[in-house]
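Worksheet: one structure, shown below.
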Amino acid sequence: MRTASLGMPSRRQASFTSHQRFHSPAMAVAEGFRDLKQTWRALFHKERDPRAATLREQLREEATLDFSDEIERCRAALSEGTMNDREECDTLLALAGMLVRSGRRAGVEEALPLLEDLALRELPRATDGTVRALGLNPVHGSEGKSECSDVLLAQCYYYIALAKYHLRALDESAACCSKILKISPQHQQTLTLRELVAEEHDSEDALQLAVGSGVLLSAVGAGLLLAGKKK
């Protein structure tokens, strides 16, 4: 006599359900690892610009140098108040540049407002082409405008980009590099810094991927272990 079904799975159905339950996570992990492998390849097999490695080494060397004497001379010259406007701007740029190149956080943080103020001070004297390249409207009249201001402005923005790099504000550094290249598309320092910033971005992405992979493995391993115990 056939027994009425109460909605309970048969032994064969239960076996299939169990097999599917314990093997689906493994299949998902395998697919996840394939995606991770492709991402790792994209990150680490990307062609590197040798100039970025050279700049990285240069920055490490500069961080070991002592700029204190030159910095104090710049401070003393500025405090005397005897320089004309151009001399003062050049001295401010030199001072801020050394503070940034030192790589020390306190110096970099001191340099940033100096550089930002200097950029605002120099912008009205930049040529109309430079001002338009930055997406701004040039001030009417050509009095006091010169290509020297364009050069100083580009160098000022470069030190800002380098300062952001030292502070690990990579997105802001990259944005500043883009701004410089609008003014001077062949600015070699900026082109190299942009490559270095891109490489650092890749390294941070790889680190986040590695951490995420570890969390995924831990979670899946714990889940499979608990499932095994319940079985």
Side-chain angles (χ1 to χ4, degrees), residues 39 42-63 89-90 92-105 107-140 142 144-209:
T39 305
L43 289 173
F44 289 105
H45 292 276
K46 182 180 177 180
E47 186 176 352
R48 303 294 185 180
D49 189 329
R51 294 175 302 175
T54 301
L55 177 58
R56 184 183 290 110
E57 186 60 31
Q58 176 187 326
L59 295 177
R60 287 173 181 165
E61 290 179 4
E62 287 183 344
C89 287
D90 289 342
L92 279 170
L93 182 63
L95 170 62
M98 286 184 287
L99 289 170
V100 171
R101 289 164 58 203
S102 73
R104 296 173 178 81
R105 188 175 187 88
V108 172
E109 290 177 342
E110 179 187 351
L112 266 176
L114 293 177
L115 291 164
E116 289 166 352
D117 289 345
L118 184 57
L120 290 174
R121 182 174 171 177
E122 203 64 33
L123 191 58
R125 292 186 289 218
T127 60
D128 290 353
T130 290
V131 176
R132 289 193 184 95
L134 293 171
L136 303 172
N137 293 321
V139 178
H140 293 297
S142 58
K145 297 184 178 183
S146 71
E147 292 182 359
C148 290
S149 293
D150 294 354
V151 173
L152 190 146
L153 189 61
Q155 193 64 27
C156 188
Y157 283 138
Y158 172 76
Y159 281 134
I160 292 174
L162 186 57
K164 297 292 187 180
Y165 168 81
H166 280 305
L167 296 175
R168 308 309 298 164
L170 298 180
D171 288 335
E172 294 178 38
S173 181
C176 200
C177 287
S178 297
K179 183 182 292 186
I180 301 164
L181 294 174
K182 289 178 181 178
I183 302 173
S184 179
Q186 300 303 318
H187 196 272
Q188 292 302 314
Q189 288 177 302
T190 301
L191 290 169
T192 303
L193 179 59
R194 184 179 63 175
E195 290 301 320
L196 180 58
V197 170
E199 287 190 11
E200 296 289 343
H201 255 308
D202 288 348
S203 296
E204 289 196 354
D205 289 344
L207 179 60
Q208 292 175 1
L209 180 62

Note, [X] side chain near [Y] side chain (heavy atom, < 4.5 Å):
{"X": "L123", "Y": "L134", "result": "yes"}
{"X": "L162", "Y": "V108", "result": "no"}
{"X": "I160", "Y": "V100", "result": "no"}
{"X": "L93", "Y": "L115", "result": "yes"}
{"X": "E200", "Y": "R56", "result": "yes"}
{"X": "R132", "Y": "N137", "result": "no"}
{"X": "D171", "Y": "H201", "result": "yes"}

Output the distance between atom [atom1] ([X]) and atom [atom2] ([Y]), rounded to the nearest 0.5 Å.
{"X": "Q155", "Y": "H187", "atom1": "CD", "atom2": "NE2", "value": "5.0 Å"}
{"X": "L55", "Y": "L191", "atom1": "CG", "atom2": "CG", "value": "11.5 Å"}
{"X": "T192", "Y": "Y158", "atom1": "OG1", "atom2": "OH", "value": "7.5 Å"}
{"X": "R194", "Y": "L181", "atom1": "CZ", "atom2": "CG", "value": "5.0 Å"}
{"X": "E199", "Y": "L170", "atom1": "CD", "atom2": "CG", "value": "12.0 Å"}
{"X": "E122", "Y": "S146", "atom1": "CD", "atom2": "OG", "value": "7.5 Å"}

Which pair of non-hydrogen atoms, one from [X] and one from [Y], has the smallest distance, and what is that distance?
{"X": "D150", "Y": "I183", "answer": "O-CG2, 4.4 Å"}
{"X": "G107", "Y": "L99", "answer": "O-CB, 3.4 Å"}
{"X": "C156", "Y": "L118", "answer": "SG-CB, 4.1 Å"}
{"X": "C177", "Y": "T190", "answer": "O-CG2, 3.5 Å"}
{"X": "C89", "Y": "L152", "answer": "CB-CD1, 4.2 Å"}
{"X": "A161", "Y": "S173", "answer": "O-OG, 2.8 Å"}

With sequence neighbours left out, what residues match [X] under salt bridge (Lys or Arg N to Asp or Glu O under 4.0 Å)?
{"X": "R101", "result": "E62"}
{"X": "E110", "result": "R75"}
{"X": "E57", "result": "R60"}

Q: Apply side chain to side chain contact (heavy atoms under 4.5 Å, CB included) to the pair L167 and L112, showing each step before the final yes or no.
A: CA-CA 11 Å; L167 296 175; L112 266 176; 3.7 Å; yes

Q: Give a yes-or-no answer on whether the side chains of E172 and Y165 include a donor-acceptor pair shorter than 3.5 Å.
A: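 Side chains of E172 and Y165: no pair found under 3.5 Å.
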
Q. Hey, does the side chain of S184 reach the backbone of I180 with a donor-acceptor pair shorter than 3.5 angstrom?
A.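 No.
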
